[in-house]
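Inspection log for the structure reproduced underneath, given as structure tokens.
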Amino acid sequence: MKIIPIKDLRNTSNISKLCKDYNEPIFVSKNGFEDLVIMSCDYYEKYLNNTKTLQNGTFFKENVLVDNQLDIFGFIRCAASTIKIEVANIKHNLEEIKNKIDYCLKQNVNILLFHELCITGYTCSDLFFNNDLLNNSDKAIIDLKNYSVNKNILFCVGAPIRFQKIYNCGVLILNGEILGIIPKSILPNYNEFYEQRFFTEWKDENTYINFDNKLVPFGNKFIFINSLYNKLKIGIEICEDLWGSDNPNIKLAKNGANIILNLSASNELIGKDNTRKYLIKATTNRLICGYIYSSCGDGESTTDLIFSGHNIIAENGKILKETKLFENDTIISDIDVDALELDRQENTSFRRENDSTYNKIYFKLDIKNNDSLIRPLRKLPFIPNNLEIRKQRSNEIILMQAKSLLKRLEITHSKKVVLGLSGGLDSTLALIATVEAFKLDNRDLKDIEVITLPAFGTSSLTLNNALKLAKEFGTSIKEINIKDSLIQHFKDINHDINNHNVTYENAQARERTQILLDYSNDINGIMIGTGDLSELCLGFTTYAGDHISSYGLNASLPKTLIQAVVEDYAKEHLEVKDTLLSILHTPISPELLPPDKNVITQKTEEKLGVYELHDFFIYYFLRHNFSISKIYYLACEAFKDKYTTLYIKDSLTIFVKRFFTNQFKRSCLPDGIKIGTISISPRGDWRMPSDSSYQIYINELEKLK
């Protein structure tokens, strides 16, 4: 690269020869800063042709598929670090930054973010005008650039940068190269902040700056894309950019960035940490992105302010990791950019842009799978970990069920409901919701017609629990034994009653449904459906049996969540607590096969695999559209201390086969509201051919270890 001072332009003959000899752009500096670019006509023609080719997409790298792009499942290991600053002691700060880089390398961190003006310290005030400080800051950046050679970590530091004026910037560095310098776009100038005294806001388009005799991209409209894994797209903003009314993160995200870095120097005030968290959670939820936020802490001047080193890593509305105030710590977590991209793909409210003023800069960062994940990974993704939130959510679920049922009763002019109560979990929750609905509307609980329908597989435990629960709630209760009806039915179709095949089982479910529907017609009521999301996804329902009803209350609630809601309800309603706990501790069973000495022998989880695994599969397959291999990877990670990989793989195989082969049952489900983020209603949330093949998923499973 050739750089000449502006005074040399007086010698036009030499300039013409220079342009032709070099056959590349020649940069003209004025007062030490880049001012003009000149080139020969031949080079300009070549430049125009290349630009047209690029616009036509020939060299558009974003869709290039690299062989290893699917191997990492989208997990990017990220860190936010606060160093102990010495204000204006650049040598000290530089060593602290290097130590953090080395530490994070050992933790296999891919992206490391430092805080605002970490090279000099944020609280230098008028020292930012001092030439020695600025010169040494530049030298520190060059030192870090050289230090990064052959280090597989992308890091961003904060520093003052001169470009005609002084700018508060983030500097992105990887493997001996400064990828870009990003100036702050919104400078605070209120109360305790006086940044506009020292720095200038950047309002112009992207350009280049001559830094260390090399052209470096300069501006705040850059999207940095990893050419080795192009799902990783990074945007950068600085502190106040997050708090302002015209946030850069919006345009960055709409133009592709799925991880936003924020170098910050946010002083601490009472309650400000909560505001900070709410801002970041709302931003990541709205923009479906990851967010790394690093703020300064110890060592900054306390003349007027104090800084707490509050660092946050967030993803799509959730805080993955944060520091405690004043701990000045480094936090590490894995952001799932694959999940973010899939969410953006499906969410029509997320509007992408292709703004020509936003430039893409490609880099090469090798990302590999780690032995384990550093991020929250719940075994029970439908259930909150926080007990208070869980309790609140359980109450909300019952209220939503109750309100939806009341609307259905209103529109059908029904005073009564009919509910088949088996003594199992699903019908228990349906009864709870129905009772609460009647209480809300001051209806007579005796108009809830509970019917228990014992048959060949009914145990005394479940029958007694059903009768007891109805009595404790004060509903009507009727017992209709269906054995004689079934015996006659088997005679009619010449079925051997000792042949306990699928006909034997399904006949019981269909007989129960027939009675419940006919009885509800007879009393001008509606029949409540009790089937849950887990059973509907697995197809563990009898077609035209427990698969149908007048209105399904549990259709979007998985089995594990139903267990939690019933348990939480039991804790608050002592009058039914013992019965509910007994139901909770009863093995999950359709009770369609005869018990052994009155002990349940037909246990669903022994046949299908445990529900906590299946609900885990449902969550990541339907909510996130993950690949089967990624779901397996996550399940092995979440349940590594509980189940063998072989058991997980076998359970996932059962899930895939049953989910695909039983779509025909889901294609004609009765009405039932969506309560959680997942629903398989054929009228909106899940549309799938009943005869689609599962072979590609099984092929993928067979490759797994």
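Heavy-atom minimum distance, A635 versus F617: CB-CE2, 4.0 Å. Residues L421 and A466 come closest through the heavy atom pair CD2-O, 3.3 Å. Residues T323 and G309 approach most closely at OG1-O, 3.0 Å, considering heavy atoms. Closest approach of I383 to A564, counting heavy atoms only: CD1-CB, 3.8 Å. S520 and I526 get closest at one heavy-atom pair: CB-C, 4.0 Å. The shortest non-hydrogen separation linking I680 to A555 is CD1-O, 4.3 Å.
Taking the six-membered ring for Trp and the full ring otherwise, F621 and F659 have centroids separated by under 6.0 Å. Separation of the F616 and F639 ring centroids falls under the 6.0 Å cut-off.
At distances below 3.5 Å, at least one donor-acceptor pair connects side-chain atoms of T513 with backbone N or O atoms of G545. With hydrogens and angles disregarded, a donor-acceptor distance shorter than 3.5 Å links the side chain of D241 to the backbone of I186. Between the side chain of R658 and the main chain of L538, a donor-acceptor pair closer than 3.5 Å is present. At distances below 3.5 Å, not a single donor-acceptor pair connects side-chain atoms of N285 with backbone N or O atoms of K281. Checked by atom type and distance alone, the side chain of K665 pairs as donor or acceptor with a backbone atom of G539 at under 3.5 Å. The closest donor-acceptor contact from the side chain of D336 to the backbone of A339 lies under 3.5 Å. At distances below 3.5 Å, not a single donor-acceptor pair connects side-chain atoms of R666 with backbone N or O atoms of P682. For D615 (side chain) and T560 (main-chain N/O), a donor-acceptor pair under 3.5 Å exists by modelled atom type. A donor-acceptor pair under 3.5 Å is absent between the side-chain atoms of R512 and the main chain of D546, judged by distance alone. Looking only at distances, no side-chain donor or acceptor of N347 sits under 3.5 Å from a matching main-chain atom of D343.
For the pair V109 and R77, the minimum side-chain heavy-atom distance is below 4.5 Å. Side-chain contact check for V610 versus L613: some heavy-atom pair is nearer than 4.5 Å. Put simply, the side chain of F307 does not reach to within 4.5 Å of the side chain of E268, judged on heavy atoms. At least one side-chain heavy atom of V576 sits under 4.5 Å from a side-chain heavy atom of Y569. The shortest distance between side-chain heavy atoms of R286 and I250 falls below 4.5 Å. Under the 4.5 Å side-chain criterion, counting only non-hydrogen atoms from C-beta, I432 is in contact with F473. For the pair L232 and I259, the minimum side-chain heavy-atom distance is below 4.5 Å. Looking only at side-chain heavy atoms (C-beta outward), I588 and Q563 come within less than 4.5 Å of each other.
Here CG of L634 is found 9.0 Å from NE2 of H624. Values are rounded to the nearest 0.5 Å. Atoms OG and CD1, from S556 and I678 in turn, are 9.5 Å apart once rounded to the nearest 0.5 Å. Residue S264 holds its OG atom at 14.0 Å from CD1 of I292, rounded to the nearest 0.5 Å. We find the CG-OG distance between L561 and S394 to be 7.0 Å, quoted to the nearest 0.5 Å. Annotation: the span from Y697 atom OH to L652 atom CG amounts to 12.0 Å, rounded to 0.5 Å. In this structure, the separation between OH on Y633 and OG1 on T645 is 14.0 Å, given to the nearest 0.5 Å.
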For this session: Please assess L419 against I451 for the test side chain to side chain contact (heavy atoms under 4.5 Å, CB included), listing each intermediate value before the final yes or no.
Result: CA-CA 6 Å; L419 191 150; I451 301 178; over 6 Å; no

Exercise. Given the rule in the side chain to side chain contact (heavy atoms under 4.5 Å, CB included) test, do K233 and E341 qualify, once you have shown the distances and angles that lead to the verdict?
Worked result: CA-CA 10 Å; K233 302 166 190 174; E341 286 299 299; 3.9 Å; yes

Exercise. Does the salt bridge (Lys or Arg N to Asp or Glu O under 4.0 Å) test come out yes or no for K439 and E436, once each step is laid out?
Worked result: CA-CA 5 Å; K439 287 180 181 177; E436 293 302 318; 3.5 Å; yes

Exercise. What do the steps show when you test L425 against L429 for side chain to side chain contact (heavy atoms under 4.5 Å, CB included), and what is the final call?
Worked result: CA-CA 6 Å; L425 270 171; L429 179 59; over 6 Å; no

Problem set entry | H614/C537 under side chain to side chain contact (heavy atoms under 4.5 Å, CB included): CA gap, chis, key distance, verdict | CA-CA 9 Å; H614 286 301; C537 285; over 6 Å; no

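For the residue pair N625/E346, the side-chain donor-acceptor check at 3.5 Å is satisfied. A donor atom on one side chain and an acceptor atom on the other are found under 3.5 Å apart for S582 and N465. Side-chain atoms of N311 and S81 include no donor-acceptor pair closer than 3.5 Å. Neither side chain, Y632 nor E637, offers a donor N or O lying under 3.5 Å from an acceptor on the other. A donor-acceptor contact closer than 3.5 angstrom is absent between the side chains of E535 and N554. Residues T604 and S589 bring no donor and acceptor atom of their side chains to less than 3.5 Å of each other. With 3.5 Å as the limit, one finds a donor-acceptor pair spanning the side chains of S414 and T412.
Taking the ring centre of W243 as origin, the terminal cationic atom of K272 falls inside the region bounded by 6.0 Å and 45° from the ring axis.
The only member of D671, V418, L517, V417 that meets side-chain contact (heavy atoms from CB on, under 4.5 Å) when paired with S550 is L517.
Remark: D441 does not engage K403 in a salt bridge, criterion side-chain N to carboxylate O under 4.0 Å. The pair R390-E567 meets the salt-bridge criterion, with a side-chain N (NZ, NE, NH1 or NH2) lying under 4.0 Å from an Asp/Glu carboxylate O. One finds no salt bridge joining K446 and D444 here, because no Lys/Arg side-chain nitrogen approaches an Asp/Glu carboxylate oxygen to under 4.0 Å. At a threshold of 4.0 Å, the pair D568-R393 does not count as salt-bridged, since none of the basic side-chain nitrogens sits closer than that to a carboxylate oxygen. By the 4.0 Å N-to-carboxylate-O rule, D338 lies close enough to K630 to be salt-bridged with it.
Around CG of D246, the count of heavy atoms belonging to other residues, nucleotides or ligands within 6.0 Å does not exceed 12. Around NZ of K277, the count of heavy atoms belonging to other residues, nucleotides or ligands within 6.0 Å exceeds 12. Within 6.0 Å of atom CZ in R683, more than 12 heavy atoms from other residues, nucleotides or ligands are found, so the atom counts as buried in its surroundings. At most 12 heavy atoms of other shown residues, nucleotides or ligands fall within 6.0 angstrom of atom NZ in K577.
The stretch residues 414-433 participates, sequence neighbours left out, in these salt bridge (Lys or Arg N to Asp or Glu O under 4.0 Å) pairs: K416-E449, D426-K559. Pairs of residues two or more places apart, or lying in two chains, that qualify as side-chain hydrogen bond (donor to acceptor under 3.5 Å, both in side chains) and include a residue from residues 466-479 are E472-T579.
With sequence neighbours excluded, no residue satisfies ring-ring contact (aromatic ring centres under 6.0 Å, His included) with H310.
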